[in-house]
Visitor: 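Supplied in structure tokens, the structure appears directly below.
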Amino acid sequence: MNKPDEARLFDSDFQQAERRWQESYDASASDTQCSVNRSGIEIKPLYTPHDRAREDFFDDVGFPGEYPNTRGIYASMHRGRSWTQRQLIGWGTPQDYNQRLKEILGHGATALSLIPCNSVYRGYDADEVPPELLGTCGAVINSVEDMDIALADVPLDRISCALNDPSPFTLLALLLAVAKRRNIPWQKITGTSNQSDYLSHCVANHMFFRLALPGARRVLTDHIQFANESLPGWNPLSVVGQHTQQAGATPAEAMGFTIAAALQYAEDCIARGMDPDRFLPRFTFFFDISISFFEEIAKFRAGRRLWARLARERLGAKDPRSWRFKFHGQTSGVDLTRQQPLNNIARVTAQAMAGIFGGLQSLHTDGYDEAVSVPTAEAARIAIATQNILREEAQLTDVIDPLGGSYYVETLTDRMQEEIEAVIARIDAAGGMFKAVEDGLVQRMIGESALAHQSKIESGEQTVVGVNAYQIDEDPQDYRSQPYPDPARIDAQCARLKAFKQNRSKADAANALDNLARSAQGTSNVMARIVAAAEAGATHGEICAVLRRELGFGQPLAIV
């Protein structure tokens, strides 16, 4: 009769076998240096049941869809419903965006994701910036008319929309104005305010940081409250770990910062008098997926488990839906290289697999040429096909959490959780995420990690194929990049914006902007006034200008 597994971990047979292996390994291993992942965790060459001897299955691992959600937030996960293929697209004019959107949907994408022009991200209309800058990195969307054109022939009541829409959420306001024009009830609008995390913008994505920290805090809380009351299918918050990780944070730090920010936002909502079991089910998360394959899988499993515990014990949520860690993953652009860019197809594939095995709910796969330019149509097709191949040919959805139970993955999940908890504890000791960002603590931590990782690349300790190893002679011109938008189309877009402003009811727009200013000065819900302003014909730049005047201009903290 076999001994119980736990007893066998400590019997002489097991110990003798472990010693034999260690002796053989020491004699044959060509590299005995310690391996350390990006989060600083030492990785052993072999993991055994010994590493999991004290596991409590139900508290640590459990079943998918059941607390602590380590193995996934739904019982059937990708067997019941595959991840949403949400490709980020944006380029040129609203007409250009609409054309590319239809192409992407035709190739298998199942949801809409709108990337606006950098001028939009900075809070300006097209007539406020040099025309040669317009449409090069995203679509120029300034008015309800622009949004209507960009989403022409798109069934807004049947397709989910992710709007890369920093505070004060003008893109959502324009979308709701379009829905009203088309007689679509707001209750049928689904999607996510995909760039609502102002703290991550202040830390690591300065172009998105439009309003001063206190003003951004007020507007986000108003935004969450407005969505809870008027948009039952909309996720008003996406807490973004992607920005901090792409800025240089380790995977464990990025997860720690993200959860700390989510706790801050939740506590702000509770202080407003909101019920966590009403707003937490609409919280979502957005993460970078680096090339560090097993580390990323463990990051997601540990973050999901930790969030379930914190939502229940710290935030007091009683509804299991409030404990769910719903997240979108994007393959990491900072891991892509300008050198030998076709190699990026392999990088994106590995990253996507890590996200899938980590249990994501939606996925964007980068185009192989994103280190060179906005993705070309060919690169976008390959990125979508990569997801189709992984799902339908490689059959990665057949088994839920297929790496669950792995001695290595379960041990690494525990170690990642310890590192994440240490980051959260440091943020808590600093007074919470808002104060830690305001004081520059988070920025300093990211800077230190970024420098350490770059030093490894420059020393050759970290191999990057084509950059510091396996180089070839190549001409950058060998790779086709996305051309600049047609200047004539940009000129026509600017002319159409001018005509829109001339032909709208100037009195209605001015009155709506005045009401917005008064709302910002007082205590009424700012988001409701932003939507009313968009319906009245106010433009994106005009709305941002009013709120910058009333709530302060976003000035990121300089850390030296």
Side-chain angles (χ1 to χ4, degrees), residues 115-116 118-124 163-171 192-224 236-250 253-269 271 283-288 330 334 423-424 426-450 520 526-527 530 543-545 547-560:
I115 297 285
N118 284 352
S119 62
V120 177
Y121 276 134
R122 287 163 47 220
Y124 301 109
L163 301 178
N164 291 273
D165 188 17
S167 178
F169 313 109
T170 53
L171 292 183
T192 302
S193 294
N194 213 33
Q195 291 293 345
S196 42
D197 179 4
Y198 69 88
L199 288 171
S200 73
H201 302 161
C202 180
V203 168
N205 205 335
H206 300 166
M207 182 170 58
F208 292 14
F209 187 53
R210 297 169 176 165
L211 304 176
L213 275 171
R217 188 181 201 175
R218 154 89 183 279
V219 173
L220 176 61
T221 310
D222 282 359
H223 177 63
I224 295 170
L237 178 63
S238 174
V239 195
V240 185
Q242 182 201 41
H243 296 154
T244 53
Q245 188 161 323
Q246 293 215 345
T250 68
E253 285 176 334
M255 181 61 76
F257 295 147
T258 304
I259 292 178
L263 291 170
Q264 179 72 74
Y265 298 142
E267 288 162 358
D268 288 350
C269 290
F283 272 28
T284 63
F285 300 83
F286 179 3
F287 290 102
D288 196 57
Q330 179 170 347
V334 297
V423 172
I424 296 171
R426 188 171 178 184
I427 298 299
D428 283 344
M433 192 63 172
F434 187 93
K435 190 71 166 57
V437 168
E438 191 174 44
D439 291 346
L441 170 63
V442 175
Q443 294 90 320
R444 286 190 292 273
M445 293 172 67
I446 292 173
E448 291 167 2
S449 296
V526 171
M527 188 63 204
I530 293 169
I543 293 170
C544 289
L547 290 175
R548 277 173 162 163
R549 185 184 71 226
E550 300 298 334
L551 299 176
F553 198 101
Q555 295 286 359
L557 184 65
I559 301 295
V560 294

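From a predicted model like this one, the values you see are computed outputs, not experimental measurements.
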Visitor: Would you say D165 and N194 make side-chain contact, with heavy atoms under 4.5 Å?
Guide: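 In short, these two side chains do not touch, never coming nearer than 4.5 Å.
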Visitor: Look up atom CZ in F209 and atom SG in C202, then write down how far apart they are to the nearest 0.5 Å.
Guide: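 Rounded to the nearest 0.5 Å, the CZ-SG separation comes out at 4.0 Å.
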Visitor: Mind checking what makes side-chain hydrogen bond (donor to acceptor under 3.5 Å, both in side chains) contact with R122, not counting sequence neighbours?
Guide: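 With sequence neighbours excluded, R122 shows a side-chain hydrogen bond (donor to acceptor under 3.5 Å, both in side chains) to no residue whatsoever.
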Visitor: For the backbone of R548 and the side chain of R210, can you confirm whether one donor and one acceptor N or O come within less than 3.5 Å of each other?
Guide: no
Visitor: Just by distance, do the side chain of Q242 and the backbone of F286 share a donor-acceptor pair under 3.5 Å?
Guide: no
Visitor: Supply the atom-to-atom distance S200 OG to F208 CZ, rounded to the nearest 0.5 angstrom.
Guide: 8.5 Å
Visitor: Compare every heavy atom of C544 with every heavy atom of T170, then report the nearest pair and how far apart it is.
Guide: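 Answer, listing the atom of T170 first, then C544: CG2-SG, 4.3 Å.
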Visitor: Residues in salt bridge (charged side-chain N to carboxylate O under 4.0 Å, His left out) with D288, at least two apart?
Guide: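 Checked D288 against salt bridge (charged side-chain N to carboxylate O under 4.0 Å, His left out); zero matches.
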Visitor: Looking at L220 and P236, what are the two nearest heavy atoms and their distance?
Guide: CD1-O, 4.4 Å
Visitor: Decide yes or no on side chain to side chain contact (heavy atoms under 4.5 Å, CB included) for M433 and V442, but give the supporting numbers first.
Guide: CA-CA 8 Å; M433 192 63 172; V442 175; 4.0 Å; yes
Visitor: Within this structure, what is the CZ-CE distance for the pair F285 and M255, rounded to the nearest 0.5 Å?
Guide: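 Rounded to the nearest 0.5 Å, the CZ-CE separation comes to 8.5 Å.
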Visitor: State the CD-CG distance between Q195 and L163, to the nearest 0.5 angstrom.
Guide: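 Reported value, rounded in 0.5 Å steps: 11.0 Å.
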Visitor: Give, for atom CG of L211 and atom NE2 of H201, the distance between the pair rounded to the nearest 0.5 Å.
Guide: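 If I round to the nearest 0.5 Å, the distance is 11.5 Å.
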Visitor: Looking at every non-hydrogen atom in both residues, tell me the closest pair between V219 and S167 and how far apart they are.
Guide: CG1-OG, 3.5 Å
Visitor: When you measure from the side chain of Q443 to the backbone of V437, do you find a donor-acceptor pair of N or O atoms at a distance under 3.5 Å?
Guide: yes
Visitor: Of all heavy-atom pairs between A261 and V239, which one has the smallest distance, and what is that distance?
Guide: CB-CG1, 3.8 Å
Visitor: Measure from the side-chain N and O atoms of D222 to the backbone N and O of V526, and report whether any donor-acceptor pair falls under 3.5 Å.
Guide: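 Yes, D222 side chain to V526 backbone: donor-acceptor pair under 3.5 Å.
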Visitor: Would you check if Q264 and I427 make a side-chain contact, meaning some heavy-atom pair closer than 4.5 Å?
Guide: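 The answer is no; the side chains never approach within 4.5 Å.
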Visitor: Show your reasoning for whether side chain to side chain contact (heavy atoms under 4.5 Å, CB included) applies to S196 and F169.
Guide: CA-CA 8 Å; S196 42; F169 313 109; 3.5 Å; yes
Visitor: Tell me the closest heavy-atom pair linking A247 and I446, and the distance in Å.
Guide: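 Shortest heavy-atom contact: O-CG2, 3.6 Å.
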Visitor: Taking all non-hydrogen atoms of both residues, which atom of K435 and which atom of A430 are closest, and how far apart?
Guide: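 That would be CG-O, 3.4 Å.
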Visitor: Does a donor on one side chain and an acceptor on the other come within less than 3.5 Å for H223 and S193?
Guide: yes
Visitor: Is a side-chain N or O of T244 found less than 3.5 angstrom from the main chain of G241, in a donor-acceptor match?
Guide: yes
Visitor: Just checking, is any N or O donor in the side chain of N205 or Y121 under 3.5 Å from an acceptor N or O on the other one?
Guide: no
Visitor: Give the C-alpha distance, both sets of side-chain angles, the deciding distance and a yes or no for side chain to side chain contact (heavy atoms under 4.5 Å, CB included) between Y265 and D197.
Guide: CA-CA 9 Å; Y265 298 142; D197 179 4; 2.4 Å; yes
Visitor: Would you please test L213 and L199 for side chain to side chain contact (heavy atoms under 4.5 Å, CB included) and show each step?
Guide: CA-CA 8 Å; L213 275 171; L199 288 171; 3.9 Å; yes
Visitor: My understanding is that only residues two or more places apart in sequence, or in another chain, count here; which of them pass side-chain hydrogen bond (donor to acceptor under 3.5 Å, both in side chains) with R217?
Guide: D268
